[in-house]
Protein chains: 2
Amino acid sequence: MIVKKIKHKEDLRSVILEAAKKLFVHEGYEATSIRKIAKEIGFSPTTIYLYYKDKNDIVYALHQVGFGILKERFFPLMAVDNPFERLKALGKLYIQFAFDNPEYYQVMFMMKEPLSFLNSQKENNEWIEGELVIEFLKNTVIECQSKGYFKEMDPIAVTIHAWAAVHGLVSLHVTQHLDCIKDVFDKMETMEEIVYNSFQVLVELMNSSK
Amino acid sequence: MIVKKIKHKEDLRSVILEAAKKLFVHEGYEATSIRKIAKEIGFSPTTIYLYYKDKNDIVYALHQVGFGILKERFFPLMAVDNPFERLKALGKLYIQFAFDNPEYYQVMFMMKEPLSFLNSQKENNEWIEGELVIEFLKNTVIECQSKGYFKEMDPIAVTIHAWAAVHGLVSLHVTQHLDCIKDVFDKMETMEEIVYNSFQVLVELMNSSK
DNA sequence: CAAAGCTACTTAACAGTGTTAAGTAGTTTA
DNA sequence: TAAACTACTTAACACTGTTAAGTAGCTTTG
């Protein structure tokens, strides 16, 4: 009996998340209000607070969904033996993920709210999702060093640099700051081409560190 | 007479901006509402709409103030002859600006609102502030190429990469995503040291492109 | 000099936001 | 059968940006 109730409670929790996902992906974060989610699932707005602490809690759940998608994409890369090839593939996949899921990217790497929710939790306030991704990147960087790349460089500084370089590219794209300086590069390329060309510079610079 | 009135109108416009600046810098963007600005200057909220089209208009004005500060800091760099030294100094100054003025940095490079305001304007919807900075960076990159750096690389791709690399660093810091992965780099460093160490990696990689 | 017009501002309201306290059917338990 | 608990709702609070309509007071005009 109790189990059944808990299961039902879990059910509505995921129903809320599904509605939030739908609104979030199609209408964007701004348009995803508690009241709209409630209307979507046919319950009153206050019901949502029985399943999620506050809006940040929902945003954190969405951020976890995003990390689920990203991890799924990263999984095949574990099989890539050559660490530098893996590093390049990691960057490419990261950028592609951001282009395919801009709303998820924002909630995962550009918004304070999910982290605020984490900090509001008494226990387990560690950002395990992010740490896992960075850990994977760091290990790849260290492997690259044993192959002669990034000689005499701090592997952590290299890791953060690599992350920041791709994050910088995709976040400037997502916020439309790249589009706004199109006049500076008079060439007629798609935003995706421009971003990948800039990523190529990172790859070439890293390659020449060997 | 007319001139005096216009001048008075201009006066209140800057009084509003000053109040917005104060709230914005001290309380952050979230806490800067039209109503709070109005209370700060002792006028009714609707008065603000006589001087600014909407909130994005005010945010755009704040963004311009930020670019004013940045340009002031960049000015002395024009005198640096060695282009690679200038490039390094540009990066350092950019990072330092973001650390000193996180709220302004957000409004300048991380928020859609000022750009939305630009696009809502019929004429002059070009992001001249950003383009000026990128133009300066691009020219420095091209000068570096004539000194042997970035051989056979697209100068525009290098420019965007350089910008994205430093933007990535400071934006991950501003959104507190860097702090959240502190556990991955067990060293006890300040956020500023970590960011500058990662920037150093960029410098070294660029240096080895010669 | 009074009437009309204009300027600069305010009041009131609309439509929305996140969030909480209090209340209410319906089921379960004692 | 009565008490207790579950799952949900209604009503409200305190905000947000924004607009339509109204009002003093000064300026210009007939």
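A note on names: the letters A, B, ... follow the listed sequences, proteins ahead of strands, and every chain is numbered from 1.
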Counting heavy atoms from C-beta on, name the nucleotide in [options] closest to the side chain of [X].
X       : options               : value
B:Asp54 : D:dC8, C:dT19, D:dT18 : D:dT18
B:Tyr51 : D:dT10, D:dC8, C:dA8  : C:dA8
B:Tyr49 : C:dA8, D:dT10, D:dT18 : D:dT18
B:Arg35 : D:dT18, C:dT10, D:dC8 : D:dT18
B:Lys55 : C:dT20, D:dT18, D:dT9 : D:dT18

Check the distance between [N]'s [atom2] and [X]'s [atom1] and give it to me in whole angstrom.
X       : N      : atom1 : atom2 : value
B:Ile48 : C:dA8  : CD1   : P     : 16 Å
B:Tyr52 : D:dG17 : OH    : C1'   : 17 Å
B:Ile34 : C:dC14 : CD1   : P     : 21 Å

If you take atom types as modelled and just measure distance, does the side chain of B:Thr46 reach the base of C:dT11 with a donor-acceptor pair under 3.5 Å? yes
Is the closest basic N to carboxylate O distance between A:Glu143 and A:Arg86 below 4.0 Å? yes
Aromatic centroids of B:Tyr105 and B:Phe99 separated by under 6.0 Å: no
Exercise: do B:Tyr60 and B:Glu129 side chains pair donor with acceptor under 3.5 Å: yes
Parallel, tilted or perpendicular: which one describes the rings of A:Phe67 and A:Trp127, with boundaries at 30° and 60°? perpendicular
Looking across every strand, which nucleic acid part, if any, lies under 4.0 Å from A:Ser44 by heavy atom: base, sugar-phosphate, or nothing? base
On the nucleotide C:dT10, are OP1 or OP2 found under 4.0 Å from the side-chain N or O atoms that B:Thr47 carries? yes
